[in-house]
Amino acid sequence: MAMETTALTGAGLTGAPGTAVEGRANIFEMTQAAEEAVLRPKDCGAWSHELRAALAARIAVQNDEHELAERYATGAGSFAPLAEPSQDGSAEGLAAVLAFMDKVATDTRNVASPDIAGLQAAGILDADIVRLCELNAFLAYQLRVVAGLRLMKGVFA
Amino acid sequence: MTKVITKFTRNVPHWQPRVKPVDLKEASDEQLDALKVTPSNTKVSEYVLTLAHDVESLKVRSPLFNAIMYDKGGMSRAERELGALAASMVNHCIYCAAVHAARHAQLEKSTDVTDRLFRDGADADLGPRDRAIFDFAVALSRTPSQAGPAEVAALKDAGLDEAEVLDLILSASLFGWANRLMHVLGDPVRLPETAS
C-alpha cells in the first residue's frame, strides 16, 4: 500500500508502513484531508494560505518537529519569518494573533475567556477566531501522531 | 448566573461558547450541509454551530473523530477513552474530561479508574496496563511531546500490540485537537436549571 500523507512522511513511514497503519488507512486519508482544510481552505477568512503555512511551521517548531516545520515554511512566502517563535509578529500587525496561537499551542490549560475577549477587542471576527483554533488544534493532533508513529516504529520494528 | 466549572467531574457540564455560534437562520448552504440540518432535524449543539464558522474543517473532522474513537479492531473503546481522558487532564479540558470519563465508566461498568484519576491525579493507583496507557498519553500530550521509547516499551511490556498502540496514539492525539477547541472556545458551566 502506498500512502503519501504528511503524517506518515513526517514519521518516516513511507513505502510499506506496516499492517497496523494499513488497517487504519481511512484515518490517515482523512487526516490529510483535514490538513488541506486548515492549511489550504477555499474560504480563508482573514488568514491567507501563506500565513497559515507560517503558523503551522511555528507550531511545528514549538513541538520540536523541525523537518515538518521546514516543509510547512516553504509555503509561507513573506510570512516565513513568523515560523521562528522568537518573532512576536509586531512588524506584521499580528502580535495579538501570535500571542494567542502560542498560548493555545504550548499552554493550552491556561487559556481562558480573556484570551478570546482580547482577540475580539483587537477587531478579529468570531469566525476568524474559530479558524485560528482549528488550525492550531489540527496541528496539535498531527504533530503528536507524527511523534507517536516515530516511537512506535522504533519499538515494534 | 452560571458557574464555570474548574474541577474534574464525570457530571457533564453545559458548554457555553465564548464566541457567537452560527445562527441557523443565516447559515450558508455549505454550513447546513455540514451540519446535516434538515427540516425535521434542526437541533444542533452550540458547539457544532460554533465550529460551523470553519465549515471546511468541520466537514472532515466529524468522520475522522468517529473513525478514531469507534472503528472496529485494535484497542478497546474504553482504553481509547482513557487516552482521550489523559490528554484532557493535561490540557485541563473539564468538558472533554467529563464526557470521556463518563464514557469510560459506562463501557467498563465501573467508576473505579476515573474516580481514582479525578481524586488522586496522574499519580493515581492504576493497574499496570492502564498505567502504561495513561502515562504514554500524558507524555504525548505535553508540548513538545515528552513520550519516548521507554513509554512505548512500557506499553509493549503491558501486553499492547502494535495496532493497539497505534489507536492509543490516535486517540490521545485527537484530544490534543478536541481540547484546543472545547477548552479554548467555551466554558464548562452549570446552568441554574441543571445544577446538581
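Keep in mind that what you see is a predicted model, and the values were worked out from it rather than measured. By convention in this document, chain letters (A, B, ...) are assigned in the order of the sequence lines, proteins followed by strands, and residues within each chain are numbered from 1.
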Which atoms of Ala7(A) come close to chain B, meaning under 4.5 Å heavy atom to heavy atom: side chain ones, backbone ones, both, or neither?
neither

Residue part contacting chain A, namely of Val22(B), when any heavy atom lies under 4.5 Å
neither

Proximal component of Arg24(A), with respect to chain B [non-hydrogen, under 4.5 Å]
side chain

Please answer: with hydrophobic residues joined when any side-chain heavy atoms are less than 4.5 Å apart, are Phe100(A) and Val61(A) in the same cluster?
no

Pick from Ala178(B), Ser145(B), Ala147(B) with the largest number of heavy-atom pairs that fall under 4.5 Å of chain A:
Ala147(B)

Would you name the heavy atoms of Ala33(A) and Val60(B) that are closest together and state the gap between them?
CB-CG1, 4.0 Å

Are Thr19(A) and Glu162(B) close enough that some pair of their side-chain heavy atoms sits under 4.5 Å apart?
no

Verdict with reasoning, Arg18(B) to Ser113(A), per side-chain hydrogen bond (donor to acceptor under 3.5 Å, both in side chains):
CA-CA 7 Å; Arg18(B) 294 170 177 161; Ser113(A) 53; 4.7 Å; no

Between Leu149(A) and chain B, with a heavy-atom cut-off of 4.5 Å, which part of the residue counts as in contact: side chain, backbone, both or neither?
both

Counting only non-hydrogen atoms closer than 4.5 Å, does Asp107(A) touch chain B with its backbone (N, CA, C, O), its side chain (CB onward), both, or neither?
neither

Whether the side chain of Arg180(B) engages the backbone of Thr108(A) through a donor-acceptor N/O pair (distance < 3.5 Å, no angle test) should be reported.
no

With distance as the sole test, does Arg144(A) use its side chain to make a donor-acceptor pair with the main-chain N or O of Leu174(B) at under 3.5 Å?
no

Could you state the interatomic distance from CG (Leu166(B)) to CD (Glu22(A)), rounded to the nearest 0.5 Å?
11.5 Å

Let me know if Leu151(A) has heavy atoms under 4.5 Å from chain B in its side chain, its backbone, both or neither.
both

Answer with yes or no whether the hydrophobic clustering places Leu125(A) together with Val38(A); edges join I, L, V, M, F, W, Y residues whose side-chain heavy atoms lie under 4.5 Å apart.
no

For Leu185(B) and Ile129(A), run side-chain contact (heavy atoms from CB on, under 4.5 Å): C-alpha distance rounded to whole Å, both residues' side-chain angles, the deciding distance at 0.1 Å, then the answer.
CA-CA 9 Å; Leu185(B) 287 168; Ile129(A) 293 172; 4.1 Å; yes

Select, from Asp54(B), Leu64(B), Ile68(B), the one with the greatest count of heavy-atom pairs under 4.5 Å involving chain A.
Leu64(B)

More than 12 heavy atoms of other residues, nucleotides or ligands under 6.0 Å from CG of Asp23(B): is that the case?
yes

Taking Val55(B), Asn179(B), Leu58(B), Val90(B) one by one, which has the highest count of heavy-atom pairs under 4.5 Å against chain A?
Val90(B)

So which residue, Ala112(A), Ala117(A), Gly154(A), ends up with the most heavy-atom pairs under 4.5 Å with chain B?
Ala112(A)

So does Arg109(A) get a backbone contact from the side chain of His183(B), meaning a donor-acceptor N/O pair under 3.5 Å?
yes

Less than 4.5 Å to any heavy atom of chain A: does that hold for the side chain of Asn91(B), its backbone, both, or neither?
both

Among Glu36(A), Gln142(A), Glu65(A), Lys42(A), who wins on heavy-atom pairs under 4.5 Å with chain B?
Lys42(A)

Of the backbone (N, CA, C, O) and the side chain (C-beta and beyond), which part of Met89(B) lies under 4.5 Å from a heavy atom of chain A, both, or neither?
backbone

So if I take each residue of residues 46-53 of chain B and look for any heavy atom under 4.5 Å from a heavy atom in chain A, which residues do I end up with?
Thr50(B), Leu51(B), His53(B)

Ignoring hydrogens and geometry, is there a side-chain-to-backbone donor-acceptor pair from Gln62(A) to Thr143(B) under 3.5 Å?
no

Highest number of heavy-atom pairs under 4.5 Å with chain B among Glu134(A), Met30(A), Arg150(A) belongs to Glu134(A)

Just give me the residue among Gly176(B), Ala67(B), Ser57(B) that pairs up with chain A most often, heavy atom to heavy atom, under 4.5 Å.
Ser57(B)

Assert top hit (heavy-atom pairs under 4.5 Å, partner chain A, pool Pro17(B), Cys93(B), Ser141(B), Gly73(B)) equals Ser141(B)

In terms of hydrophobic clustering (I, L, V, M, F, W, Y; side-chain heavy atoms under 4.5 Å; direct or indirect links), are Leu107(B) and Tyr70(B) co-clustered?
no

In one Ile/Leu/Val/Met/Phe/Trp/Tyr side-chain cluster, 4.5 Å: Leu135(A), Met182(B):
yes

Do you know which of Asp161(B), Asp167(B), Leu155(B) has the most heavy-atom pairs under 4.5 Å to chain A?
Asp167(B)

Name the orientation class of the two ring planes belonging to Tyr141(A) and Trp177(B) (parallel below 30°, tilted from 30 to 60°, perpendicular beyond 60°).
tilted

Bottom line for Lys103(A): the part with an atom under 4.5 Å from chain B's heavy atoms is neither

Asp71(B): which residues meet the side chain to side chain donor-acceptor pair (under 3.5 Å) condition with it, sequence neighbours left out?
Asn26(A)

Close side-chain approach of Gln120(A) to Val19(B), heavy-atom, < 4.5 Å
yes

Structural part of Ile94(B) lying under 4.5 Å from a heavy atom of chain A:
neither

Drop me the distance from Leu160(B)'s CG to Met152(A)'s CE, to the nearest 0.5 angstrom.
12.0 Å

